Amino acid sequence: MHVSPDPITTLEQAARERDSLLDFFARDLYCTMSTAAGAENGHGEPSEEALSKAKAVADDYLAAYEEWLVQRAATNAAAGPHEGSA
């Protein structure tokens, strides 16, 4: 099954999607770190402080990824169209 999300067409939609990604990543980081630290159940609800710290880390990763995407797009645009592409 292939799922195609609706295209993001506004800055507000992009900001909401980014916030959703940050929350998802932060919760996953919390779960992973809790389990790695020896917590019996790293799947509980994180505290606001833990979630805030995890979101800061997730934001750093997401910002680096966004920067990489922009650089890739610029490199691809500078290379021009590839033969065989429409």
Side-chain angles (χ1 to χ4, degrees):
M1 181 172 102
H2 182 268
V3 178
S4 295
D6 293 332
I8 296 171
T9 58
T10 68
L11 290 176
E12 292 80 17
Q13 288 173 318
R16 282 193 305 271
E17 284 299 314
R18 191 175 197 286
D19 285 343
S20 294
L21 277 173
L22 282 176
D23 187 66
F24 177 76
F25 292 158
R27 290 175 185 279
D28 188 49
L29 283 169
Y30 169 80
C31 177
T32 301
M33 296 307 292
S34 294
T35 302
E40 289 183 26
N41 183 2
H43 301 288
E45 188 66 26
S47 68
E48 285 300 317
E49 180 183 2
L51 193 56
S52 178
K53 288 179 180 179
K55 278 186 178 181
V57 173
D59 185 52
D60 287 345
Y61 280 106
L62 191 53
Y65 179 66
E66 289 167 336
E67 184 177 326
W68 176 81
L69 281 176
V70 169
Q71 290 174 354
R72 278 306 299 160
T75 300
N76 289 342
H82 296 284
E83 189 173 314
S85 63

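Just so you know, these numbers come straight off a predicted model, no measurement behind them.
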Trainee: Donor-acceptor pair, distance only, cut-off 3.5 Å: does the side chain of Thr32 make one with the backbone of Asp28?
Mentor: yes
Trainee: Testing the basics here: between Ala54 and Ala26, what is the closest heavy-atom pair and its distance to 0.1 Å?
Mentor: CB-O, 3.4 Å
Trainee: Any salt bridge (charged side-chain N to carboxylate O under 4.0 Å, His left out) involving residues 61-79? Give me the pairs, sequence neighbours left out, ordered by first then second residue.
Mentor: Arg18-Glu66
Trainee: Check the surroundings of atom CG in Leu11: do more than 12 heavy atoms from other residues, nucleotides or ligands lie under 6.0 Å from it?
Mentor: no
Trainee: Does a salt bridge link Asp59 with Lys55, judged by any charged N lying under 4.0 Å from a carboxylate O?
Mentor: no
Trainee: Looking at every non-hydrogen atom in both residues, tell me the closest pair between Ser47 and Ala50 and how far apart they are.
Mentor: OG-N, 3.1 Å
Trainee: Checking Gln13 against Thr10 for the side chain to side chain contact (heavy atoms under 4.5 Å, CB included) test, could you report, in this order, the C-alpha distance in whole Å, the side-chain angles of both residues, the deciding distance, and whether it holds?
Mentor: CA-CA 5 Å; Gln13 288 173 318; Thr10 68; 3.2 Å; yes
Trainee: Which value, rounded to the nearest 0.5 Å, describes the distance between Leu51 atom CG and Tyr30 atom OH?
Mentor: 9.5 Å
Trainee: Between atom CG of Leu21 and atom OH of Tyr65, what is the distance when rounded to the nearest 0.5 Å?
Mentor: 10.0 Å
Trainee: Is it the case that one hydrophobic cluster holds both Leu62 and Phe24, taking links as side-chain heavy atoms less than 4.5 Å apart, direct or via other members?
Mentor: yes
Trainee: Between Arg16 and Glu12, is there a side-chain N and carboxylate O pair less than 4.0 Å apart?
Mentor: no
